[in-house]
Amino acid sequence: MPRFLKSERLKKSSEFKSVFQQCRKLEDGTLAFYVQFKEDAGSHKFGVSLSRALGKAYLRNRLKRRLREIYRVEKEGFRGGYQVILVPRRGSVNRTFDELRKSFLSLASRAGLLPRAK
RNA sequence: GGAAGCAGGUCGUGAUCGCGGUUGGGUCCUUUUAGGAUCGCAAUCGAGGAAAGUCCGAACUCCGCAGGACAGGAUGCUGGAUAACGCCCAGUCGGUCCCCGUCAUAGGGGGUUGAAGGAAAGUGCCACAGAAACAAACCGCCUUCCGCAAGGGAGGUAAGGGUGAAAAGGUGGGGUAAGAGCCCACCGCGUCUUAUGUGAAUAAGGCGGCUAGGCAAACCCCAUCCGGAGCAAGAUCAAAUAGGUAAACUUCGAAGCUGUCCGCUUCAUUUUUUCCCGUCAAAAGGAAAAAAGGUUUACGGGUAAGAUCGCUUGUGACGAGACCGGCAACGGUUUUCGCGAGAGAAAUGAUCACACACACAAAAUUCGGCUUAGGCCCUGCUUCUUUUA
RNA sequence: UGGGGCGUCGACAAGCGGUAAGUCACCAGAUUUUGGAUCUGGCAUUCGUAGGUUCGAAUCCUACCGCCCCAG
């Protein structure tokens with residue numbers, strides 16, 4: 001099974017800033033998807049940013065964990081060399097796990113992270 | 001049997017994958033005491049009763065400090081308990097509800113509730129109404145004077161009427177010109193003494209009769225307590241990393257050309273500027289231009305939420321069970337067992353099974369409380385209802 | 001973690017112990033051929049919610065709910 005290591009996480013405020021500054025933005029009603037591509041094909045990082053307006057603490061925690069779980073399972077198919085930030089939109093706390101995954105996959109495919117279907 | 005309310009208990013289990021900590025192990029590096037990095041490794045532990053709101057009280061840390069006072073804040077029946085508290089326990093008194101009891105009171109019992117110190121230290125307020133809201137006489141009642149009378153003047157009075165949330169103890173009797181604690185009885189209030197109690201108070205007896213209306217969650221007075229800031233407190237560490245500035249090189253994303261690299265073209269991202277369009281003015285939209293990103297080198301400073309500790313396997317205000325003391329809260333030179341999360345863009349999620357496993361809601365220095373939120377089941381109490389007798 | 005402020009009609013708001021001003025909007029009527037403008041009248045059983053103090057609470061006190069801001 002794929003793992004999700006600490007080194008794959010976006011942590012520092014500066015890292016987030018850099019991605020937001022120089023990135024491609026995609027969104028649907030549920031998620032906003034910020035992706036920045038890098039030369040180094042081996043490195044890939046992932047981060048989630050949640051506003052307090054989304055809901056109470058336990059809701060935000062659950063949403064973040066679900067998004068991370070989706071990323072952990074689905075990142076296998078991605079090309080390397082990217083940094084991704086997810087910003088959930090208002091209302092996404094009420095989505096089920098499957099709805100979140102569908103939304104994530106469609107955005108990732110639009111962003112070009114998924115290789116073309118054979 | 002059912003429903004509602006209140007109080008107490010309770011807050012899934014197992015499997016697979018994933019995540020955080022600790023310990024062990026493997027690999028690599030430095031060094032050979034050991035340290036660091038890393039991991040499809042193993043073992044083990046991994047959110048709450050409210051973790052929440054941040055309303056109180058402490059521990060701990062730094063700053064200040066001989067000691068005290070003012071200011072400011074908090075608390076406010078009594079006693080106990082505690083590390084401390086505005087919490088908790090027991091009691092007193094008052095309000096309210098229920099039950100017993102009575103012809104009706106009285107009396108007794110139980111639940112619940114109370115920011116229950118002081119209004120005879122001072123200031124202030126008590127709208128409207130009302131004569132008067134701490135001081136009074138409108139309608140009255142009585143005496144007397146003037147007048148034929150209607151009525152008017154002077155005085156006494158506060159029982160009755162009227163106003164009001166509130167009008168100066170209440171009821172009955174005596175008394176009087178009419179009245180009035182003016183006098184008497186009972187009740188109530190205040191005060192003194194005695195008794196009981198640690199005390200708040202209670203009981204009995206004496207005295208007092210109006211001087212003492214309400215509001216202190218109005219200012220205030222009295223008593224007691226409080227130095228200030230908070231784990232982003234605070235302590236330690238190399239002189240490196242990141243970021244910044246300057247210079248040089250470079251164009252990383254997507255698509256196409258190509259076997260591949262280099263390279264080229266177009267598109268896209270962010271920022272700025274200009275033009276067009278549009279409008280009251282903007283925005284949105286369209287077009288053009290410029291810059292940015294990555295790497296290397298140098299400078300520079302100790303800035304910044306850098307790293308480590310604080311930080312939680314802690315001998316403690318710790319948890320659970322006995323025993324002893326206490327009505328209880330709680331306590332103990334007693335005894336047995338237990339030792340439980342520790343992050344830092346922040347660990348608990350996904351799937352499946354089991355009774356539809358389901359509400360509220362997630363640690364962030366740590367404890368003791370309070371308040372609020374809320375699901376299922378169990379226990380107890382209260383109320384209502386149904387059936388049977 | 002600590003501190004400060006605000007909730008009054010659909011919108012903006014005044015009042016801060018004694019019967020909840022005002023403006024815009026809305027409704028009805030008048031005027032007008034009609035609309036606008038103008039004039040007249042109406043529009044808060046209760047001041048975010050729940051308790052308490054008081055004769056009396058939007059106002060004072062307490063606890064909640066929602067929103068906004070500040071400091072490191």
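Throughout, protein chains are lettered first and strands after them, A, B, ... in sequence-line order, and every chain is numbered starting at 1. We use all heavy atoms of the structure for the numbers below, so side chains are in, but hydrogens, waters and symmetry mates are not.
Between B/rG349, B/rU348, B/rA362, one nucleotide has an atom nearer to the side chain of A/Arg72 than all others, and that is B/rG349.
For B/rG181, the O4'-C1' to base torsion is within 90° of 0; the nucleotide is therefore syn. Because its glycosidic torsion is more than 90° from 0, B/rA154 is reported here as anti. In textbook terms, a nucleotide whose glycosidic angle is within 90° of 0 is syn, while B/rA136, being further out, is anti. The glycosidic torsion of B/rA355 lies within 90° of 0, placing the base in the syn range. With its glycosidic angle more than 90° from 0, B/rG214 is assigned anti.
Remark: B/rG94 base-pairs with B/rU113. Criterion, Watson-Crick or G-U wobble with two distances under 3.5 Å. Using Watson-Crick or G-U wobble geometry with both donor-acceptor distances under 3.5 Å, B/rC275 finds its partner in B/rG286. Summarising the base pairing, B/rA166 is matched to no nucleotide, lacking a Watson-Crick or G-U wobble pair whose two defining distances lie under 3.5 Å. In this entry C/rA11 has C/rU23 as its Watson-Crick or G-U wobble partner, both defining distances falling under 3.5 Å. Taking a pair to require two hydrogen-bonding distances under 3.5 Å in either a Watson-Crick or a G-U wobble arrangement, C/rA71 pairs with C/rU1. In a base pair of the Watson-Crick type (N1 to N3 plus N6-O4 or O6-N4) or a G-U wobble (N1-O2 and O6-N3), with each distance short of 3.5 Å, B/rA66 is matched with no nucleotide. Nucleotide B/rG244 is matched to B/rC299 when pairs are restricted to Watson-Crick or G-U wobble geometry with both distances under 3.5 angstrom. In a base pair of the Watson-Crick type (N1 to N3 plus N6-O4 or O6-N4) or a G-U wobble (N1-O2 and O6-N3), with each distance short of 3.5 Å, C/rG51 is matched with C/rC61.
Here CZ of A/Arg110 is found 13.0 Å from CG of A/Leu105. Values are rounded to the nearest 0.5 Å. Here the straight-line distance linking atom CG of A/Asp98 with atom OG of A/Ser103 works out to 12.5 Å at 0.5 Å rounding. Interatomic distance, A/Lys25 NZ to A/Phe33 CZ, rounded to the nearest 0.5 Å: 13.5 Å.
Using C1' as the reference atom, B/rU113 and B/rC354 are 49 Å apart when rounded to the nearest Å. Rounded to whole Å, the separation between the C1' atoms of B/rA74 and B/rG227 comes to 16 Å. Spacing between B/rC276 and B/rU258 at atom C1', rounded to whole Å, works out to 41 Å. Nucleotides B/rA373 and B/rA50 place their P atoms 15 Å apart, quoted to the nearest Å. B/rA232 and B/rC309 are spaced 16 Å apart, taking the C1' atom of each and rounding to whole Å. Comparing B/rG130 with B/rA178, their C1' atoms sit 26 Å apart, to the nearest whole Å. Spacing between C/rG29 and C/rC65 at atom C1', rounded to whole Å, works out to 44 Å. Between B/rA51 and B/rG342, the two C1' atoms lie 14 Å apart (nearest whole Å).
As rounded to whole Å, 16 Å separates atom C1' of B/rA361 from atom CG of A/Leu63. For the pair A/Tyr71 OH and B/rA345 C1', the computed distance is 15 Å after rounding to whole Å. Atom OH in A/Tyr58 sits about 11 Å away from atom C1' in B/rA373, given to the nearest Å. With rounding to whole Å, A/Phe46 atom CZ is found 15 Å from B/rC19 atom P. For the pair A/Arg65 CZ and B/rG20 P, the computed distance is 13 Å after rounding to whole Å. For the pair A/Arg60 CZ and B/rA47 C1', the interatomic distance rounds to 16 Å; values are reported in whole Å. Atom-to-atom, CZ of A/Phe33 to C1' of B/rA268 comes out at 16 Å; the value is rounded to the nearest Å. Rounded to whole angstrom, the span from the CD1 atom of A/Ile70 across to the C1' atom of B/rC19 amounts to 16 Å.
Using the six-membered ring where Trp is involved, A/Tyr71 and A/Phe46 have ring planes that are parallel, under 30° apart on the 30 and 60° scheme.
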Under a 4.0 Å heavy-atom criterion, the protein footprint on nucleotides 49-54 of chain B, written with B, S and -, is ------

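Using a 4.5 Å heavy-atom cutoff, the side chains of A/Leu63 and A/Leu100 are in contact. At a threshold of 4.5 Å between non-hydrogen side-chain atoms, the residues A/Val87 and A/Val48 do not count as touching. A 4.5 Å side-chain heavy-atom check between A/Ile70 and A/Phe97 finds at least one atom pair inside the cut-off.
The phosphate of B/rA346 (OP1 or OP2) has a side-chain N or O of A/Arg68 nearer than 4.0 angstrom.
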Grab the N/O contacts between the protein and nucleotides 350-353 of chain B below 3.5 Å, and write none if there aren't any.
residue: B/rA350; atom: OP1; partner: A/Arg66; partner atom: NE; Å: 2.8
residue: B/rA350; atom: OP1; partner: A/Arg66; partner atom: NH2; Å: 2.7

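When each of A/Asn61 and A/Val48 is assigned the nucleotide of RNA chain B bearing its nearest heavy atom, the one mapping closer to the 5' terminus is A/Val48.
A salt bridge links A/Glu69 to A/Arg72: one of the charged nitrogens lies within less than 4.0 Å of a carboxylate oxygen.
Among the heavy atoms of the strands lying under 4.0 Å from A/Lys56 are primed sugar atoms or P, OP1, OP2 only; no base atom is included.
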Evaluate side-chain contact (heavy atoms from CB on, under 4.5 Å) for A/Leu86 paired with A/Leu107, printing each intermediate quantity in order.
CA-CA 10 Å; A/Leu86 287 182; A/Leu107 286 169; 5.6 Å; no

